[in-house]
A.B. asks: 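Could you have a look at this structure, given as structure tokens, before my questions?
Note that ligands are numbered from 1 as they come in the structure, with each ligand's atoms numbered from 1 the same way.
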Amino acid sequence: MAAVVERFGGAGALRVRETAPPRPGRGQVVVRVAAASINPIDVRRRAGYGRKLFGLMGAARLPLVLGNDFAGTVCAVGPGVTAWREGDAVFGAKPPSRHGSHASHVTVDARHVLAQPARVTPVQLATLPYNFLTVCRALDGAGLTRASAPGRQVLVHGGSGGLGMIAIALLKQLGAHVTTTAGEHGLAACRAAGADLVLDRRLLPLEALPRRFAATLNFAHWHDDAALVARLAPDALGHATTVHPLLAQIDRYGLAGGALAALAGKRRGAAGVPRGARYAWTVFRPDDGALDWLAEYAVARKVAPTLQAFRMGEVAAAHVHVEERRLGRAVLLPNNF
Ligand SMILES: NC(=O)c1ccc[n+]([C@@H]2O[C@H](COP(=O)([O-])OP(=O)(O)OC[C@H]3O[C@@H](n4cnc5c(N)ncnc54)[C@H](OP(=O)(O)O)[C@@H]3O)[C@@H](O)[C@H]2O)c1
């Protein structure tokens, strides 16, 4: 059973369909999915966003099953896999494909699977990997490491979102001083996540902040990118954004034209960072080092976002929930009808 996009469009285009049980290939396992998050990228991909670039990975061909995160139980093990057995409780994230985790069963590379820690539910775990691994890529892109981050001033734009909350918690774990922006409804959550200074973005424009940050992270809006870069100190580490226009430009101008437009935009952005600082447009990828960090983080997880669970038959309502930015990270329960 899977939540299937049969044509690009609104949430009404989703259909729950019977699907053949997947069989694991070499190095793969099949996971019976107890919970899978629905993220902003899923609702945008459902409407066709990124279809040209994702198409190169075979991840935009219809019918399409969305979803990167999964938490559940291993139910089949492919040749060459020694780390997992049937019945193991696991979680993780898979790279974009057309066979995502919004399904009763998902096939994943065994390298992208982690053991579920005790005392954390599958629903809680399902909201973690995709966002966590994306945040790790952003920290790396901005030059923030265990060695460089302690004591440094970091500005997180969009702290109240899925990425922002994890970034705040990770940066505090690394010993950075975190300033974050949020809308009115996200201020308390950012404080709870450990931010040192929480700014209401309606009351204080980015341009009013001092140019003293070692790193800036943009999880909110591309239009603010230049203003964030301008907040970097002369000896800054760097800036990273997850809200760059790469996919949209390729959708609009085609692969070659979009790549050129993106390159030009990236050059303009990079021209604004101080000499020696990094400038990165980051994309989600399950890197090995970040997966190890995720395993540690999940055990000690302190920040639990508000969650909103949806049964498989409610998948369209779950997409609307994410689209309309209602309170609570959306989690799909694919084996619960
Ligand atoms: N490049 C990648 O591979 C990748 C991976 C994951 C996510 N993303 C993108 O990264 C962004 C953040 O993801 P998420 O899951 O954290 O999304 P999210 O939960 O929807 O959070 C978005 C954050 O941005 C803020 N925000 C939204 N619109 C804004 C605006 N116009 N001006 C200022 N702040 C604004 C929101 O504040 P309020 O809540 O107060 O509105 C919230 O803090 C999304 O756009 C997502 O598509 C990219």
A.B. asks: Might you point out which heavy atoms bring L133 and A93 nearest each other, and give the distance in Å?
C.D. replies: CD1-CB, 4.0 Å

A.B. asks: Under 3.5 Å, N or O to N or O, is H157 touching ligand 1 that way?
C.D. replies: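 There is no such contact.
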
A.B. asks: What about R329: any of its N or O atoms under 3.5 Å from an N or O on ligand 1?
C.D. replies: yes

A.B. asks: Which of parallel (below 30°), tilted (30 to 60°) and perpendicular (above 60°) describes Y130 and F284?
C.D. replies: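 Tilted, since the angle between the ring planes falls between 30° and 60°.
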
A.B. asks: If the plane angle is over 60° it's perpendicular, under 30° parallel, otherwise tilted; pick one for Y297 and F132.
C.D. replies: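 Tilted.
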
A.B. asks: Just to confirm my output: which protein heavy-atom neighbour is closest to atom 22 (C) of ligand 1, and how far is it?
C.D. replies: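 So the nearest neighbour among protein heavy atoms is F219 O, 3.9 Å.
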
A.B. asks: With nothing but distance in play, are any N or O atoms of S160 less than 3.5 Å from an N or O of ligand 1?
C.D. replies: yes

A.B. asks: Using a strict 4.0 Å cut-off to heavy atoms of G183, name the atoms of ligand 1 that fall inside it.
C.D. replies: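 Taking each heavy atom of G183 in turn, ligand 1 has 40 (O) under 4.0 Å.
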
A.B. asks: For ligand 1, which is the ligand I care about here, please tell me if G162 has any N or O atom under 3.5 Å from one of the ligand's N or O atoms.
C.D. replies: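 Looking only at distances, the answer is yes, because the N/O contact criterion of under 3.5 Å is met.
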
A.B. asks: Tell me if a side-chain donor or acceptor on T73 pairs with a main-chain N or O of R32 at a distance below 3.5 Å.
C.D. replies: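 Side chain of T73 to backbone of R32: no pair is present.
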
A.B. asks: Just distances here: any N/O of Y130 and N/O of ligand 1 closer than 3.5 Å?
C.D. replies: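 No.
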
A.B. asks: Check this for me - ligand 1, L163, N or O atoms closer than 3.5 angstrom, yes or no?
C.D. replies: yes

A.B. asks: From the options N39, V283, T134, D42, select the one whose nearest heavy atom is closest to atom 4 (C) of ligand 1.
C.D. replies: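 Going through N39, V283, T134, D42 one by one, T134 has the nearest heavy atom to atom 4 (C) of ligand 1.
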
A.B. asks: Could you check T216, N218, L199, L228 and say which one makes a side-chain contact (heavy atoms from CB on, under 4.5 Å) with L206?
C.D. replies: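 Result for side-chain contact (heavy atoms from CB on, under 4.5 Å) with L206: L228.
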
A.B. asks: Applying salt bridge (Lys or Arg N to Asp or Glu O under 4.0 Å), which residue pairs with at least one partner in residues 233-244 are found, sequence neighbours left out?
C.D. replies: none

A.B. asks: Would H239 and D225 count as having a side-chain donor-acceptor pair, cut-off 3.5 Å?
C.D. replies: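 Yes, because at least one side-chain N or O of H239 sits under 3.5 Å from a partner of the opposite role on D225.
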
A.B. asks: Report yes or no: does H185 have a heavy atom closer than 4.0 Å to ligand 1?
C.D. replies: no

A.B. asks: Is there a polar contact, in the sense of an N or O pair closer than 3.5 Å, between F284 and ligand 1?
C.D. replies: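 The answer is yes, given that F284 and ligand 1 share an N or O pair closer than 3.5 Å.
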
A.B. asks: With a cut-off of 4.0 Å, which atoms of ligand 1 are near a heavy atom of T282?
C.D. replies: 1 (N), 2 (C)

A.B. asks: For L66 and I41, run side chain to side chain contact (heavy atoms under 4.5 Å, CB included): C-alpha distance rounded to whole Å, both residues' side-chain angles, the deciding distance at 0.1 Å, then the answer.
C.D. replies: CA-CA 9 Å; L66 298 163; I41 188 67; over 6 Å; no

A.B. asks: Is there a nitrogen or oxygen of G161 sitting under 3.5 Å from a nitrogen or oxygen of ligand 1?
C.D. replies: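 Yes, there is a polar N/O contact under 3.5 Å.
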
